[in-house]
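We use all heavy atoms of the structure for the numbers below, so side chains are in, but hydrogens, waters and symmetry mates are not. All figures in this text were calculated on a predicted structure; none of them were measured in a lab. Throughout, protein chains are lettered first and strands after them, A, B, ... in sequence-line order, and every chain is numbered starting at 1.
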Amino acid sequence: MNRALRLIRRRLIASIPVLAIVVLGTFFLLEAAPGDAVDAYAASLGGDAGLNADLRAQWGLDQSIWARLGAYLYALAHLDLGRSVIFSRPNLEVILERLPNTLLLMGSATALSFGLGSLLGIWAGAKPGSLRDRVLSVGSLALYAVPGFWLGLVLIVIFSVQLRWLPLSGIETIASGKQGLARAGDIAVHLILPVGALGLIYLALYLRMMRAGMTEAWRTDYVLAGRARGIPRQRIVLRHVARNALTPLVTMLGVQSAAMLGGSVVIESVFSIPGLGRLAQEAVAGRDTPLLLGIILISAVVVILINLIVDLAYALLDPRVGASEGQS
Amino acid sequence: MTLLRTPTALLGFAILFALALVALLAPLLFPADPLSIAGPALLRPFQDASLPLGTDRLGRDVLAELVHGARTSLLVGLAAAATSIIIGSVVGTLAGFLGGILDEVLMRVTDAFQTVPGFLLALAFVSVVGPSLPVVVFAIALGAWTGPARVARAEVLSIRERDYVAGARAIGMHPLKIAFREVLPNALPPVLALSSVIVAAAVLTEAALSFLGLGDPNRITWGGMIAEGRTILRFAPYLSIIPGIALVLTVLGVYLAGEGVVEASAARKVRA
């Protein structure tokens with residue numbers, strides 16, 4: 001897989017300046033924030049002017065902005081994102097602890113919107129212009145207009161409050177003592193509503209893209225030739241039309257990953273899921289700017305990695321991608 | 001009027017027209033302070049003709065709050081979209097027209113802004129600077145200008161090779177003057193085609209920010225109403241559901257109207 005390795009290397013090199021800009025951006029946002037880490041520390045634990053000055057000298061906060069930028073970059077290079085004020089622990093540790101929950105939520109929601117969206121898109125695109133096509137198009141657009149957090153609340157009212165079928169909030173039953181499969185099942189039940197709220201909204205994107213791709217594929221010569229040869233309609237729809245419309249959808253997965261991550265912030269807060277988004281909200285409430293900016297940095301890294309994986313998958317699906325780049 | 005021929009586009013424009021009317025006339029329709037007590041607390045909707053949508057936890061008129069909230073939603077949505085289109089087209093024009101190292105730098109900055117989740121960026125910006133209407137507008141624009149920038153740049157790249165640009169260069173016009181007087185206006189149509197999507201996203205982002213308590217505290221917002229209703233979701237779900245329906249209708253109206261415009265201009269191109 002030389003092609004894949006080249007692709008990975010090229011993508012990683014391209015992401016260096018992007019990440020550098022994000023780092024600079026977070027640093028200057030941190031500088032713009034009123035008060036510094038010592039103020040936040042003193043506000044939560046108390047302190048006097050002498051102690052504060054000592055702390056500032058110790059943390060290097062009394063130096064020039066360039067010296068502080070240097071120290072910030074030096075720390076980052078050693079994977080040190082600073083200490084969280086509200087948790088009194090290293091930021092990176094707190095963030096990495098919460099990341100799996102967010103990835104689980106994002107991944108499941110993406111699977112739902114991609115899977116259901118492309119299936120419905122195939123169904124709609126099999127007969128462009130039909131009644132079901134128009135109903136699905138407008139219906140999915142209406143779903144796309146729904147704010148995720150509100151859909152979450154509506155689902156809670158219906159399934160948790162009225163019907164009492166599903167748990168209200170959290171990622172698992174607290175202190176249930178469940179292990180292994182029982183615990184996985186418990187988490188799955190807790191995730192049904194949040195994944196539904198996040199996934200259903202982005203369903204429209206995949207549905208519409210699939211449908212548009214299929215409408216286009218119907219007009220191509222090879223589909224016409226297939227129909228002329230008398231290939232059954234269902235076979236044409238699945239083998240020739242849908243298959244060609246599916247590949248561009250994969251690139252959408254990467255493009256949407258940043259939006260999905262942003263969307264999960266609010267969904268996690270609605271369902272009290274201890275993930276990255278909920279952590280961001282806690283950082284905002286606790287005025288913990290270093291933690292908040294650490295979250296932004298890590299989420300940028302996550303988005304870059306997801307895009308890398310998506311690109312690799314795309315290269316596997318479409319042999320033309322990256323094939324001619326050996327010389328350049 | 002090709003624009004009004006499709007029923008869905010017509011519906012979209014009808015929704016937007018009604019909303020704009022309600023938002024503009026809010027001070028006339030409900031002259032009293034929407035945050036003042038209008039009746040008994042937690043009156044259900046459709047019980048009292050003078051308070052058609054009922055009252056909230058403190059006895060405030062839900063309909064009056066809703067109408068005043070429409071002003072914030074529309075104002076923030078339109079202002080944030082305008083800001084991101086202006087930033088995006090200026091950045092895209094500079095990058096595309098001047099090229100070279102500046103193009104490279106500006107496009108990497110665009111990449112960086114696209115890599116950070118826009119909502120997290122808005123959240124961080126509002127929390128650092130403090131919530132007020134202009135800050136919320138700018139925070140939303142921070143995550144939304146990259147789309148217009150890319151489209152503007154692509155358009156400028158094709159326009160800068162045209163004869164009239166070469167002519168402007170020949171008569172010794174300043175490059176920046178050519179970029180913003182001659183090229184940018186011609187590159188705008190495809191950028192403006194993005195506006196409905198951007199307005200819709202801005203309305204949703206504003207709602208999410210105020211739902212998390214980061215909206216302008218001096219204004220009524222639909223997101224804020226949903227958050228308030230959430231605390232008593234079990235007993236009075238209508239308090240959260242009603243402003244959400246208003247949000248859905250607004251965003252749907254923007255989408256449908258936008259699609260209508262795109263379809264109508266496509267039809268015009270086919271006929272021409």
Could you look at [X] and say if it's the side chain, the backbone, both or neither that has a heavy atom under 4.5 Å from chain A?
X: Ala124(B); value: both
X: Ile245(B); value: both
X: Glu259(B); value: side chain

For [X], is it the side chain, the backbone, both, or neither that has a heavy atom closer than 4.5 Å to a heavy atom of chain B?
X: Ile156(A); result: side chain
X: Ser269(A); result: both
X: Pro17(A); result: side chain
X: Leu153(A); result: both
X: Val270(A); result: both
X: Ala142(A); result: both
X: Val146(A); result: both

Could you have a look at [options] and say which one has the most heavy-atom pairs with chain A under 4.5 angstrom?
options: Leu121(B), Val105(B), Leu123(B), Val126(B); result: Leu123(B)
options: Val254(B), Leu233(B), Thr205(B); result: Leu233(B)
options: Val129(B), Leu209(B), Ile226(B), Val116(B); result: Ile226(B)

Completion exercise
Of the listed Ala283(A), Gly262(A), Gly148(A), Gly25(A), the one with the largest count of heavy-atom pairs under 4.5 Å with chain B is Gly262(A)

Handout entry: Salt bridge flag under 4.0 Å for residues Arg219(B) and Asp216(B)
Key = no

Handout entry: Sidechain N-carboxylate O distance under 4.0 Å for Glu228(B), Arg60(B)
Key = yes

Practice task
Take Thr102(A) and Glu268(A) through the side chain to side chain donor-acceptor pair (under 3.5 Å) test and state the conclusion after the steps.
Solution key: CA-CA 8 Å; Thr102(A) 299; Glu268(A) 283 173 17; 2.7 Å; yes

Using a 6.0 Å cut-off, check whether atom [atom1] of [X] has over 12 heavy atoms from anything other than its own residue.
X: Phe28(A); atom1: CZ; value: yes
X: Arg230(B); atom1: CZ; value: yes
X: Arg132(A); atom1: CZ; value: yes

Exercise for the section: For the pair Phe27(A) and Tyr72(A), name the ring-plane relationship: parallel under 30°, tilted 30 to 60°, perpendicular over 60°. Expected result: tilted

Problem - Parallel, tilted or perpendicular: rings of Trp145(B) and Phe113(B) (30°, 60°) - result: perpendicular

Handout entry: Verdict with supporting geometry, Asp103(B) and Arg153(B), side chain to side chain contact (heavy atoms under 4.5 Å, CB included)
Key = CA-CA 9 Å; Asp103(B) 181 25; Arg153(B) 177 176 174 271; 2.8 Å; yes

